[in-house]
Amino acid sequence: REEWLGDGTPLRPIHRVSTEQLEAHFRSLCNQIKDRFDIAERKAGVPYEMSGIIAITGTDPARHQPFRLQLIAHPTGRVTLLRCSSPIGRINLRNDAEVDLLYEIQRDLNQVKVCSSYNVKDRESALRVEGDILFDPASTQVDELEALLFRVTCASDAIEDRVLNRDADP
């Protein structure tokens, strides 16, 4: 019987763990994160995935940022990654001033990974910040997930605030 990861990639013997072990450890980490922080979970029960909204601390007024955690296979198929992504919003990548500001902020935020999905009809790009860590049930700790979650959501919120001048309504 062939098993699959959440992104549809077959689980290979090199992973050395079952999909049940991956899912159990992932759920355990997600539950610990929910217990530590003010997170409103969305789409509960989706295998290998958790979506939610986290309160960004230290902002006045309070800001909130949506995020998505998911287990994916590395393109080589040799390791499993835990990916965190957080949407920024839509910008026109043909607007040089917005693109220049985006690059400046990205540099200020230690070169966070900003991804874009272009919509031909609207001629706009939906931006998001992404980050990955290696995921292994034997070694991945909640503190690693916490650091990833905060790095991605705080960067996404900062870009959203400075480029779009708003806090998107979650």
Side-chain angles (χ1 to χ4, degrees), residues 5-7 25-26 29-43 46 48-76 78-120 122-136 139-170:
L5 291 173
D7 63 350
H25 189 61
F26 176 70
L29 293 177
C30 290
N31 288 335
Q32 290 175 63
I33 286 291
K34 286 191 300 188
D35 290 344
R36 287 185 182 190
F37 304 102
D38 182 17
I39 292 176
E41 187 174 2
R42 297 172 160 176
K43 291 193 213 176
V46 177
Y48 310 105
E49 185 176 307
M50 176 186 158
S51 296
I53 300 170
I54 189 167
I56 303 295
T57 58
T59 60
D60 186 26
R63 294 176 61 89
H64 297 84
Q65 193 63 33
F67 68 92
R68 178 178 169 196
L69 300 171
Q70 67 182 141
L71 292 182
I72 62 169
H74 186 271
T76 65
R78 297 180 185 269
V79 295
T80 302
L81 300 175
L82 196 163
R83 172 165 291 159
C84 181
S85 60
S86 182
I88 297 167
R90 295 187 178 279
I91 72 164
N92 180 352
L93 291 178
R94 294 172 194 232
N95 180 328
D96 290 340
E98 283 187 355
V99 172
D100 290 345
L101 180 58
L102 178 62
Y103 283 135
E104 180 182 311
I105 297 167
Q106 184 182 18
R107 185 190 64 231
D108 293 346
L109 295 171
N110 295 316
Q111 300 297 330
V112 294
K113 180 178 169 186
V114 178
C115 303
S116 169
S117 300
Y118 185 70
N119 183 319
V120 176
D122 297 335
R123 292 188 173 189
E124 288 185 324
S125 291
L127 300 181
R128 67 189 176 284
V129 173
E130 287 186 356
D132 303 322
I133 58 173
L134 292 174
F135 183 82
D136 184 335
S139 62
T140 304
Q141 302 294 312
V142 70
D143 292 338
E144 294 172 277
L145 175 54
E146 178 183 326
L148 173 67
L149 179 62
F150 276 99
R151 184 174 70 246
V152 168
T153 55
C154 288
S156 180
D157 184 65
I159 294 169
E160 179 183 86
D161 184 40
R162 287 181 57 193
V163 175
L164 301 177
N165 297 310
R166 66 179 171 83
D167 184 23
D169 184 16

Using the ring-ring contact (aromatic ring centres under 6.0 Å, His included) criterion, which residues pair with Phe150? Sequence neighbours excluded. Phe37
To the nearest 0.5 Å, what is the distance between OG1 on Thr153 and CZ on Phe67? 8.0 Å
Could you list the residues that satisfy side chain to side chain contact (heavy atoms under 4.5 Å, CB included) with Ala126, not counting sequence neighbours? Arg90
Tell me the closest heavy-atom pair linking Gly89 and Leu164, and the distance in Å. CA-CD1, 3.8 Å
Residues which pass side chain to side chain contact (heavy atoms under 4.5 Å, CB included) with Arg83, listed by chain and number, not counting sequence neighbours: Gln70, Ile72, Lys113, Glu130, Asp132
Which residues pass the side chain to side chain contact (heavy atoms under 4.5 Å, CB included) test with Val142, not counting sequence neighbours? Leu29, Gln32, Ile33, Arg36
To the closest 0.5 Å, what do you measure between CG (Leu82) and SG (Cys30)? 7.0 Å
Do Leu81 and Leu134 pass the side chain to side chain contact (heavy atoms under 4.5 Å, CB included) test, and can you show the C-alpha distance, the side-chain angles, and the key distance before you say yes or no? CA-CA 5 Å; Leu81 300 175; Leu134 292 174; 3.6 Å; yes
List the residues meeting side chain to side chain contact (heavy atoms under 4.5 Å, CB included) with Glu144, not counting sequence neighbours, and say none if there are none. Ile133, Thr140, Gln141
Leu149 CG to Met50 CE distance, which is reported to the nearest 0.5 Å: 7.5 Å
In this structure, CZ of Arg162 is separated from CD1 of Ile105 (nearest 0.5 Å) by 4.0 Å
Rounded to the nearest 0.5 Å, what separates atom CG in Leu69 from atom OG in Ser51? 8.0 Å
Partners meeting side chain to side chain donor-acceptor pair (under 3.5 Å) with Ser125 (sequence neighbours left out): Ser116
Which value, rounded to the nearest 0.5 Å, describes the distance between Leu148 atom CG and Phe135 atom CZ? 12.0 Å
Residues which pass side chain to side chain donor-acceptor pair (under 3.5 Å) with Ser86, listed by chain and number, not counting sequence neighbours: Gln65, Ser156
Quick check on Asn110: does its CG atom have over 12 non-hydrogen neighbours (other residues, nucleotides or ligands) under 6.0 Å away? no
Please name all residues satisfying salt bridge (charged side-chain N to carboxylate O under 4.0 Å, His left out) with Asp136, sequence neighbours left out, ordered by chain then number. none
Do you know which two heavy atoms are closest between Arg42 and Pro66, and how far apart they sit? NH1-CB, 4.1 Å
